[in-house]
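One structure below.
Per chain, numbering begins at 1; letters A, B, ... match sequence-line order. Model, not experiment: these values are computed from the prediction.
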Amino acid sequence: MLPYLTRRAVHSVVALLGLVVAVFFLARLTGDPTDLFLPLDASREERAEFAHKHGYDRPATEQFVHFVGDVMEGNLGFSLRKQRPAMELVLEAYPTTLKLAAVTLLLGISLAVAVGALAAYRPGGLFDRVGSTGSLIGASAPDFWVAITAILLFSVSLGWLPTSGTGGFLYWIMPVTVLALRPFGLLVQVVRGAMLDALASAYVKTARAKGVGESSVIYVHALRNACLPVVTVAGDIAVGMVNGAVIVETVFGWPGVGKLMIDAVIQRDFAVVQASIMVTAAAIFLMNILIDLLYVALDPRIRHQ
Amino acid sequence: MFRDRVRQLGITTMGVAALTALMLIAPGASYAQKTITVVLPEEPDSLDNCNSGRSNVGRVLRQNVNETLIELDPNDSSLKPRLATSWKQLNDTTWRFNLRKGVKYSDGKPLTPEAIISSVDKALNPKLDCNTRTKTFSGFKIRVVKVDAQTIDIVTPTPDPILPVRLTQMTIGAANEPIQIMNNSVGTGPYMIEHYKANSEVVLKRNPHFWGKKPQLDGARYVWRTESAVGAAMVKVGEAHIATNISHEDAKDQKTDFAYPNSETNYLRIESLVPPLNDKRVRQALNHAVDLNGLHGAIIPKQAMIATQMVIPRIAGHNHALDKRRFEYSPAKAKKLLADAKAAGVKVDTPIDLICRINQWENTTETCEAIMAMYKNVGLNIKLKMLEVSQWVQLNAHPNKGALTPEADANIKGRGPILLGHMHDNNVGDPVFSMYNKYGCKSQTSSHCMPELDKKIAAATETPAGPKRVKLWEETMAMVHENALDVFMFHMVGFARVSPKINFKPTAATNSEVLLEQITFK
């Protein structure tokens, strides 16, 4: 196990370094932040002075050497807009994203497993039809539209929930529900399919023929094997979520890393773009390792390979 | 049996998930009764008074936390005393200001000439990129000199007849602030920063040392929502009291939604030095071909005003006579002008790019698509391109001026003639902040160069405030109009939703400041 983890960690670090280099140069291909930062009518001299002060007039390779030097000293640069350390901004925003992702995934996966398993119990039955149609709608509905409609319905018309912002339990209901809809929809389909396969498989029949209890058949035999495709899809969704939920963060005013990153890209705030991508990439690599470990825990065959 | 197990599985997983979710969720906050909540479209970049020229900073700080020496009346652009009670020009380059007595910062320290010197030095320090310097004092260094405890002189390197107007844009911070951008500006205004939670909210509370009348509000909480519909909904359900910058589509409630002139003018910038746009007939045709009445009320809010010049009517120098003789919509006239130009050898069928910036104003895409159709209708070879802000800014900062300099030549390589969709905001109150930048031969962002107009702009700039200055600006506006240098469209409006529980009327200044001291509960 340790050699495996070491190998994955080394791969991740190499990939992270490659990503940082790519992001550094690609960000600079979008242009010079000078024109975006200064007022539209700034003079030629002011533009030149600003670009010189921030090093934007130097070749990208020279800027990269400076950047590497700064990173070695633990300095990921200052946000041009906020005039604060870029890493500080990212670390302020990241817990929000992680909390939102964690709650959403927990609810989305739990509900999907329950609904998917119930749907698989009687394929073609009423619950299966309703569940499948509902999950299809959930997987297809555009986040933005759902979010605005939910605000108009539950906040403006019914007055049940706050429109947006962060706070107590009520503030979480709409963002989490909107964000969980798509994972829920996708996972219901996956769980249903996987459980159907598992329950019809030879090993389940064998287990039942041997007189194994029904709960063991479901929990030990069927669900455990049905979990593998669920983990694959849920892992993919989780990776997307630690990258930030831009639409939900934007509509509901949740100060997460997704919105921070998008704003930084639009404003060519290079330091924030680089810092946020480094942090999210590290989180994604970590998440992938966790998913691999979960795979190993669920399927002994992978462990033996 | 199996069904029970599955149900049990479902209940257990949902229970675990709900419990974990509740553990992660923290309780919310509550605020005092006489505190209002203001929804802004974006988070302030900082809370440093030297950046109060940025609208997202100014709406929180300007005149609430940090005051200016002189205040600009948004209704008629007149100047009013604030921290300075009176002022006069001593000579071409020196102005004297008498300071208000008994003014204290929110930390209890007195406002002194030394504090003003320190604050101005910081705002204009080239080590920082303060918006006050880059926007209002671009290339213009002033020096503050103490005369006595209540008097200062401000010395300019060259004559500046509108220094008092310029000073309406400079808020005053505390003495000896560190030379860095901060998030805890201290000022003399009626409010002070209680706390700033990055990414979340700014809360202001009353400044106990404020020199003026005690305002009715205890404080204000600022939050930000990018989506206009969410801001509007927050006011509707009582979560907030003011939502600035809501969209036209969201401003449908006559009781709570207000349109206000926001000092912005949208127009198409013509590159008048580049063929075929260097021909006056072609430019006139561009003006006659656009049906502004057709756009007005359909794509552009009906509260907007059809524009004939760069600055809005309340600015002294706006030529009101031009408003009565704007270019009439006449495709026939446009076609004739183009035919005349073609007969004279002008290549009127040269491809022209109409370039607009996505979301520069509400319905930008629809406006530009309609204009493209109108231009095609008169036979122009027009292609529309919609650009993101970063690409658009490149074109704005490096206009095609017929390659007047080697640098410009490199920047515009391969470009054809361009009509650039543009929005200009002059909320300062004098045309000087518009005309040189837009029409000066040496201006970085001007796509024009008319020596006669250049001289007129210079003369108006140097003339002291008064009727003569106003007349000169009016003449420059007329000159731009007569030469059809640009295609002016609309003096735009903004929309704000205001809770029926408070008294507040948005004005032209609402884009840059929200004066809490003028807001009261009903």
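With a threshold of 4.5 angstrom between heavy atoms, A:P162 approaches chain B through its backbone and through its side chain. Only the backbone of A:F252 comes within contact range of chain B, with at least one heavy atom under 4.5 Å from a heavy atom of that chain. Within the 4.5 angstrom heavy-atom criterion, atoms from both the backbone and the side chain of B:R133 approach chain A.
Considering all non-hydrogen atoms of both residues, B:S200 and A:T166 come closest at OG-OG1, 4.3 Å. Shortest non-hydrogen contact noted between A:K82 and B:P44 is NZ-O, 3.4 Å. Annotation for A:K53 and B:K127: closest pair NZ-O, 3.2 Å, computed over non-hydrogen atoms. Of all heavy-atom pairs between B:A229 and A:I148, the closest is CB-CD1, 4.3 Å. Closest non-hydrogen pair, A:R84 versus B:A198, comes out as NH1-CB, 3.7 Å.
Checked against salt bridge (charged side-chain N to carboxylate O under 4.0 Å, His left out), B:E239 has no partners two or more places apart in sequence or in another chain. For B:K438, the salt bridge (charged side-chain N to carboxylate O under 4.0 Å, His left out) partners at least two apart in sequence or on another chain are A:D41. Checked against ring pair (Phe, Tyr, Trp, His ring centres under 6.0 Å), A:H54 has the following partners two or more places apart in sequence or in another chain: A:F50, A:Y56.
When the heavy atoms of residues 263-273 of chain A are compared with those of chain B, the residues falling under 4.5 Å are A:I266, A:R268, listed by number.
Ranked by heavy-atom pairs under 4.5 Å with chain A, the first of B:N396, B:N131, B:T134 is B:T134.
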